[in-house]
Amino acid sequence: MVESKYMSPVPDTPAEDNPTGLVAKILPSSAVDGPGNRAVVFLQGCDFNCKYCHNPETRSSCIHCGLCVPACPAGALSVYEGKVFWDSERCTDCGTCLQVCPHSSSPKAQTLTVTEVLQRLSRYFPFIRGLTISGGECGLQAAFLTSLVRRARKIHQLGSLIDTNGSTDYSRLSELVEDAEGFMLDVKAWDGAEHRALTGAPNDMVLKNLEYLGRLGMLYEVRTVVVPGLFNAEQTVCEVSRALVSCGSRARYKIIAFRPQGVRPQYRDLPQPDRKELVKLAMLARSMGVQEVVMV
Ligand code: SF4
Ligand code: SF4
């Protein structure tokens, strides 16, 4: 057994099944990241640059520039041999370092093995329904993600939901798809040019995953964030609904109003949709045959 301060029941594992991942944050309990009470593992790094991103500090790896160190009011950050170190015991979670960082990163991201992640969560296992693996974009760390999901299921009998921007080709990760409980997929815009303008990335793979995972019955939820004027929300909701129905998916469609909290300053003034606009989009999805539509 690996030594743990929590007297963890997580067994030791051969190195080949214990890859490391860059982890932004671990939340032992959340009621808003999938059904039931779930632990959430946020992985660091994302290949999209969405204008309305609510956690931009998870986009990039720390380049150890040190700018955040003097800004920390708790003395939780230090520099040693050109690297920035974070002292979790001193950190008060004030978020100042995340606001100061000009590189969309965080000094608090940690390289952890799958065993270490499971150990940190093990005392919460009796109280959670499953895991949600989010980001950043968790699909970018496929080996770590696959191992975490497999071990959570096979050793701890916990299902995992994959919260993804859809940029990873999941048809090439059959082991992950088999072991996952389901996927929560963002479709940010249906039109390719609009998607690129909104996120800086194409959406071909997103739409391929929508169809692939939907056909397999592996889509738990599809989400679209509505920002008036930024993309054609009506077209997106219409085409996503059509795709879900035509591939036989019973995924729920979550239509989300843009909110400025946590968004980078230059995008905080993006317009928010009113309730009427969301209701209209929800009715459109229902009229296309989507069984479960929620507005947030
Ligand atoms: S959140 Fe960042 S700035 Fe705030 S105490 Fe923790 S390390 Fe320091
Ligand atoms: S978190 Fe950002 S500001 Fe702090 S050292 Fe890393 S790159 Fe620099």
Side-chain angles (χ1 to χ4, degrees), residues 4-6 19-33 38-114 116-124 131-145 148 163-165 167 198-201 259-270:
S4 160
K5 67 178 176 177
Y6 302 131
T20 56
L22 189 57
V23 178
K25 189 167 70 170
I26 297 175
L27 212 57
S29 172
S30 166
V32 296
D33 290 283
R38 310 184 75 83
V40 190
V41 181
F42 296 89
L43 301 192
Q44 185 79 18
C46 186
D47 50 348
F48 285 10
N49 185 11
C50 304
K51 289 181 173 159
Y52 53 64
C53 181
H54 287 90
N55 44 7
E57 72 279 2
T58 63
R59 282 196 54 239
S60 308
S61 295
C62 175
I63 60 167
H64 299 278
C65 69
L67 282 174
C68 56
V69 174
C72 174
L77 300 174
S78 57
V79 185
Y80 179 69
E81 294 186 344
K83 299 259 183 213
V84 170
F85 288 88
W86 171 59
D87 183 343
S88 61
E89 301 290 324
R90 286 190 172 192
C91 178
T92 58
D93 225 9
C94 70
T96 305
C97 52
L98 310 182
Q99 287 156 20
V100 165
C101 177
H103 304 290
S104 299
S105 188
S106 162
K108 304 195 280 182
Q110 293 176 289
T111 299
L112 300 173
T113 64
V114 170
E116 286 170 327
V117 171
L118 291 170
Q119 279 175 341
R120 289 184 187 203
L121 288 173
S122 62
R123 64 173 163 166
Y124 304 100
L131 307 184
T132 296
I133 323 297
S134 184
E137 171 46 39
C138 61
L140 297 178
Q141 301 188 54
F144 179 82
L145 177 64
L148 178 59
D163 181 347
T164 178
N165 68 16
S167 66
L198 174 61
T199 69
R259 292 177 181 83
Q261 288 81 9
V263 172
R264 286 165 289 186
Q266 64 268 39
Y267 298 121
R268 277 184 203 149
D269 290 334
L270 287 172

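When a ligand or atom number is given, it counts from 1 through the structure's own listing order.
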Student: What atoms of ligand 1 come closer than 4.0 angstrom to any heavy atom of Gly95?
Tutor: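 Taking each heavy atom of Gly95 in turn, ligand 1 has 1 (S), 4 (Fe) under 4.0 Å.
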
Student: Which residue supplies the protein heavy atom nearest to atom 6 (Fe) of ligand 2, what is that atom called, and how far is it?
Tutor: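 The closest one turns out to be Cys62 SG, 2.3 Å.
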
Student: Nearest 0.5 Å, what's the OG-CG distance between Ser105 and Leu67?
Tutor: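 If I round to the nearest 0.5 Å, the distance is 12.0 Å.
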
Student: Using a strict 4.0 Å cut-off to heavy atoms of Asp93, name the atoms of ligand 1 that fall inside it.
Tutor: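 Heavy-atom distances to Asp93 below 4.0 Å select 1 (S), 6 (Fe).
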
Student: Determine whether Ser134 and Asp33 make a side-chain contact, defined as any pair of heavy atoms from C-beta on separated by less than 4.5 Å.
Tutor: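 Side chain of Ser134 against side chain of Asp33, heavy atoms only: no contact under 4.5 Å found.
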
Student: Tell me, please: is Val100 in heavy-atom contact with ligand 2, that is, under 4.0 Å?
Tutor: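 The answer is no: ligand 2 sits nowhere under 4.0 Å from a heavy atom of Val100.
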
Student: Please list, in number order, the atoms of ligand 1 under 4.0 Å from a heavy atom of Trp86.
Tutor: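 Near Trp86, meaning under 4.0 Å from one of its heavy atoms, ligand 1 has 7 (S).
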
Student: To which protein heavy atom is atom 4 (Fe) of ligand 2 closest, and what is the distance rounded to 0.1 Å?
Tutor: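 For atom 4 (Fe) of ligand 2, the nearest protein heavy atom is Cys68 SG, 2.3 Å.
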
Student: First locate atom CG of Leu27, then atom CZ of Arg38, and finally report the distance between them rounded to the nearest 0.5 Å.
Tutor: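 The CZ atom of Arg38 is 12.5 Å from CG of Leu27, to the nearest 0.5 Å.
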
Student: How close does the nearest protein non-hydrogen atom get to atom 2 (Fe) of ligand 2, and which residue and atom is it?
Tutor: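 Minimum-distance protein heavy atom for atom 2 (Fe) of ligand 2 reads Cys101 SG, 2.3 Å.
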
Student: Does Arg90 have more than 12 heavy atoms from other residues, nucleotides or ligands lying within 6.0 Å of its CZ?
Tutor: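 Result for CZ/Arg90: open.
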
Student: Of the protein's non-hydrogen atoms, which lies at the shortest distance from atom 1 (S) of ligand 2, and what is that distance?
Tutor: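 Here the closest protein heavy atom is Pro107 N, 3.3 Å.
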
Student: Enumerate the atoms of ligand 2 whose separation from the nearest heavy atom of Ser106 is less than 4.0 angstrom.
Tutor: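 The list of qualifying atoms is 1 (S).
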
Student: Taking atom CD of Glu57 and atom CD of Gln99, what is their separation to the nearest 0.5 Å?
Tutor: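 Going from CD on Glu57 over to CD on Gln99, the span is 9.5 Å.
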
Student: Would you mind telling me which of Val114, Leu118, Thr113 makes a side chain to side chain contact (heavy atoms under 4.5 Å, CB included) with Glu116?
Tutor: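 Only one of Val114, Leu118, Thr113 forms a side chain to side chain contact (heavy atoms under 4.5 Å, CB included) with Glu116, namely Thr113.
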
Student: Looking at Cys97, which atoms of ligand 1 are within less than 4.0 Å of one of its heavy atoms?
Tutor: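 Per the distance check, 1 (S), 2 (Fe), 3 (S), 7 (S).
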
Student: Which residue holds the protein heavy atom closest to atom 5 (S) of ligand 2, what is that atom called, and what is the gap in Å?
Tutor: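 Looking only at protein heavy atoms, the one closest to atom 5 (S) of ligand 2 is Gly66 N, 3.2 Å.
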
Student: Side chain of Gln110, backbone of Ala24: donor and acceptor closer than 3.5 Å?
Tutor: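 No: the side chain of Gln110 does not pair with the backbone of Ala24.
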
Student: Between Leu140 and Leu43, is a side-chain contact (heavy atoms from CB on, under 4.5 Å) present by the stated rule, with each step listed?
Tutor: CA-CA 9 Å; Leu140 297 178; Leu43 301 192; over 6 Å; no

Student: Quickly, which of Asn165, Thr58, Thr199 forms a side chain to side chain contact (heavy atoms under 4.5 Å, CB included) with Cys46? Name it, please.
Tutor: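 Output: one option passes, namely Asn165.
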
Student: Is Cys65 close enough to atom 2 (Fe) of ligand 2 that one of its N, O or S atoms comes in under 2.8 Å?
Tutor: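 It does not; every qualifying atom lies at 2.8 Å or beyond.
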
Student: If the cut-off is 4.0 Å to any non-hydrogen atom of Ala74, which atoms of ligand 1 fall inside it?
Tutor: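 Answer for ligand 1: 5 (S).
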
Student: For residues Trp86 and Cys91, determine if any side-chain heavy atom of one lies less than 4.5 Å from a side-chain heavy atom of the other.
Tutor: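 Yes, at least one pair of side-chain atoms sits under 4.5 Å.
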
Student: With atoms numbered from 1 as shown, which atoms in ligand 2 lie under 4.0 angstrom from a non-hydrogen atom of Val84?
Tutor: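 What qualifies from ligand 2 is 5 (S).
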
Student: To the nearest 0.5 Å, tell me how far Leu22 CG sits from Gln141 CD.
Tutor: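 It is 5.5 Å, given to the nearest 0.5 Å.
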
Student: For Lys108, which part has a heavy atom under 4.0 Å from ligand 1: side chain, backbone, both, or neither?
Tutor: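 Contact part for Lys108 vs ligand 1: side chain (C-beta onward).
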
Student: Please could you name the atoms of ligand 1 that Cys91 approaches to less than 4.0 Å, counting only its heavy atoms?
Tutor: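 The atoms of ligand 1 under 4.0 Å from a heavy atom of Cys91 are 1 (S), 5 (S), 6 (Fe), 7 (S).
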
Student: Check whether any N, O or S atom of Cys72, backbone or side chain, sits closer than 2.8 Å to atom 8 (Fe) of ligand 1.
Tutor: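 Checking atom 8 (Fe) of ligand 1 against Cys72, an N, O or S atom does fall under 2.8 Å.
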
